[in-house]
Peer 1: 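I have a structure here, written as structure tokens, and I will follow up with some questions on it.
Below, read A as the first sequence line, B as the second, and so on, with proteins coming before strands; counting in each chain starts at 1. Excluded from the calculations below are hydrogen atoms, water molecules and symmetry mates; all remaining heavy atoms, backbone and side chain alike, are included. Since the model is a prediction, treat every value here as computed from it, not as a measurement.
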There are 2 protein chains.
Amino acid sequence: MTEIIEIAHPRVHACGRQPGENYCDNCKVRSLAVCAALGSEELPELDNIVHHTRAEAKTTFIHQGETAESVFSVTEGVVRLYKLLSDGRRQIIGFAMPGDFLGLALHNRYGFSADAVDPVGLCRFDRRDFDNLITAKPHFLRRLHEFATHELVIAQEQMTLIGRRSAEERVAAFLIAMRERWARIKGPSVTIQLPMQRIDMADYLGLTIETVSRTLTKLARDGIILIVPEAVRVLDEKKLAAIARA
Amino acid sequence: MTEIIEIAHPRVHACGRQPGENYCDNCKVRSLAVCAALGSEELPELDNIVHHTRAEAKTTFIHQGETAESVFSVTEGVVRLYKLLSDGRRQIIGFAMPGDFLGLALHNRYGFSADAVDPVGLCRFDRRDFDNLITAKPHFLRRLHEFATHELVIAQEQMTLIGRRSAEERVAAFLIAMRERWARIKGPSVTIQLPMQRIDMADYLGLTIETVSRTLTKLARDGIILIVPEAVRVLDEKKLAAIARA
DNA sequence: CACCTGATTTGATCCAGAACAAGGACGCGT
DNA sequence: ACGCGTCCTTGTTCTGGATCAAATCAGGTG
């Protein structure tokens, strides 16, 4: 059922270094996200229980309702998290990008599904191991709690976006949010990468694919953005921010 | 600016007992919520830093954007939490009821406002004290983290409700959710107390007051509920659940 | 009681965005 | 190059819920 490809955790890294030492370039890239999220002091402990894995584009690696056996951290690529209604309606509850955790809720079952938008690199932790680590290292729990409450703040903002704002406001706010997220990962840029499809944006923003498309076209027509494949270029930062502003 | 009435924390309870001993009826009622949320073992520590307060109906005791100096726990009554847009549009992000915490996010500023729907009893904790307690008692942090992730799950469900479901589904789901919450607090009942106004339900569900009113009327016309002042009575549990079901 | 004020319901119209429909545009395999 | 499938855009129509407008109702209060 699971389409993810497990990569045996290298007890000794390809570069010859032991876990806990400075990482080789390849491993550093993979662990960067976790590192950034947790602070380097936890890395050695994490290193003992992490399993590096990948998920190819479009594969589902968390299934809503299934027993939550793993906690994930994204190191590369973009993941969409979503809830499905029985009749097929879908709500994307978030996009996870490098540095983000999935499955933080210490519940028995996953409350959402997750799949890879593009090829994704993941750190997988066994639930049990993760739980032990949390219990042993309160500092770690604290970080996790901060992360969870931040997620909560985001979720509350998204509620406001979906519940009370127009299609144009939603799209503009989404673009700006994506821009800021990429900026934290790879530095500022006027080009906003949008690896997900229109339908994903629609299901995230509580709109239809047609409305998303039309709204982007309108923003482009107004000279605010330029639509390019897999991305948009911001032409008029001020105007875009003005539309998105609460 | 703050309209809440601070009640000096009784070093010796009215009944003559010391803090940490079993509580007198009055105090027990007040502390019940915290107790239920955290487990009785933390009570003694909490007791040293808690300030019992009240907020009269309609008063605001958390202001979005202000420095977060307190953490609250509701012991009595209902609180609405909301975000305001600059043009006055409002999204209610949740209702807090006895046993619920407010201001968990360990952020500098409140991300929402909160006011009392009806007369509310609160336990207020100084941010600094609360923080110290968390640091000293990992078990306590763990409880809090569980609470926060549960909130996150609720928020994600609410996103789905607002983003992808019809007015009738939203109202039905709201009624069932309120029923379950009251059931945990005061036991099961076919009467669902709704102390908040129609406009609060509307702002919670991403609808207008008229749509909420019409939808309730329709449910009543269909013999599913009976509308009574400040509440609704459930007449056809099956049908209501069928509408609310995802 | 008569009056006022705020909440709720009900009615009539409107409109943003959904739904339906039809082309493009692009990539991929043959 | 051609056909095919997927995604995206654009055009048209439709509708659920918003908006505008009045009643109705429920508490106060003098």
Peer 1: Polar pairs (N or O, both sides) under 3.5 Å between protein and nucleotides 7-10 of chain D?
Peer 2:
from, atom 1, to, atom 2, distance (Å)
D:dC7, OP1, A:Q197, OE1, 2.8
D:dC8, OP2, A:R198, N, 3.1
D:dT9, OP1, A:R198, NH2, 3.3
D:dT9, OP2, A:R198, NE, 2.7
D:dT9, OP2, A:S213, OG, 2.9
D:dT9, O5', A:S213, OG, 3.1
D:dT10, OP2, A:T217, OG1, 2.9

Peer 1: A:I162 CD1 to C:dA18 P: how many Å, rounded?
Peer 2: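 Rounded to whole Å, this separation is 12 Å.
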
Peer 1: Hey, is A:E69 close enough to A:R124 for a salt bridge, meaning N to O under 4.0 Å?
Peer 2: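 The answer is no: the pair does not qualify as a salt bridge.
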
Peer 1: Can you tell me how far C1' of D:dG16 sits from CZ of B:R170, to the nearest Å?
Peer 2: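 From B:R170 CZ to D:dG16 C1': 10 Å.
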
Peer 1: Can you tell which of D:dG17, C:dG17, D:dA18 lies closest to the side chain of A:S166?
Peer 2: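 My answer, after comparing the listed nucleotides, is C:dG17.
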
Peer 1: Please determine if B:R80 forms a cation-pi arrangement with B:F95, meaning its NZ or CZ atom is less than 6.0 Å from the six-membered ring centre and no more than 45° off the ring axis.
Peer 2: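 That pair does not qualify as a cation-pi contact.
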
Peer 1: Round to the nearest Å and state the distance from B:R89 atom CZ to C:dA16 atom P.
Peer 2: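 Interatomic distance, CZ of B:R89 to P of C:dA16: 13 Å.
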
Peer 1: Can a salt bridge be assigned to the pair B:K58 and B:D115 using a cut-off of 4.0 Å between side-chain N and carboxylate O?
Peer 2: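 Here B:K58 does not pair with B:D115 in a salt bridge, since their nearest N and O are not under 4.0 Å apart.
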
Peer 1: So that I can tick it off, tell me whether B:K218 and B:E168 are bridged by a salt bridge, with the cut-off set at under 4.0 angstrom between side-chain N and carboxylate O.
Peer 2: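 Answer for the salt bridge query: yes.
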
Peer 1: Under 6.0 Å between ring centres, would you say that holds for B:F72 and B:F125?
Peer 2: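 Not under 6.0 Å, so no.
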
Peer 1: Distance check needed: C:dT8 C1' versus B:M201 CE, whole Å only.
Peer 2: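 My rounded result for the distance is 11 Å.
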
Peer 1: Over how many whole Å does the gap from A:R165 atom CZ to D:dG17 atom C1' extend?
Peer 2: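 That distance rounds to 20 Å.
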
Peer 1: A:K218 NZ to D:dG11 P: how many Å, rounded?
Peer 2: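 Rounding to the nearest Å, NZ of A:K218 and P of D:dG11 are 15 Å apart.
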
Peer 1: Quick one: do A:R90 and A:D200 make a salt bridge, cutoff under 4.0 Å?
Peer 2: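 A salt bridge links A:R90 with A:D200.
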
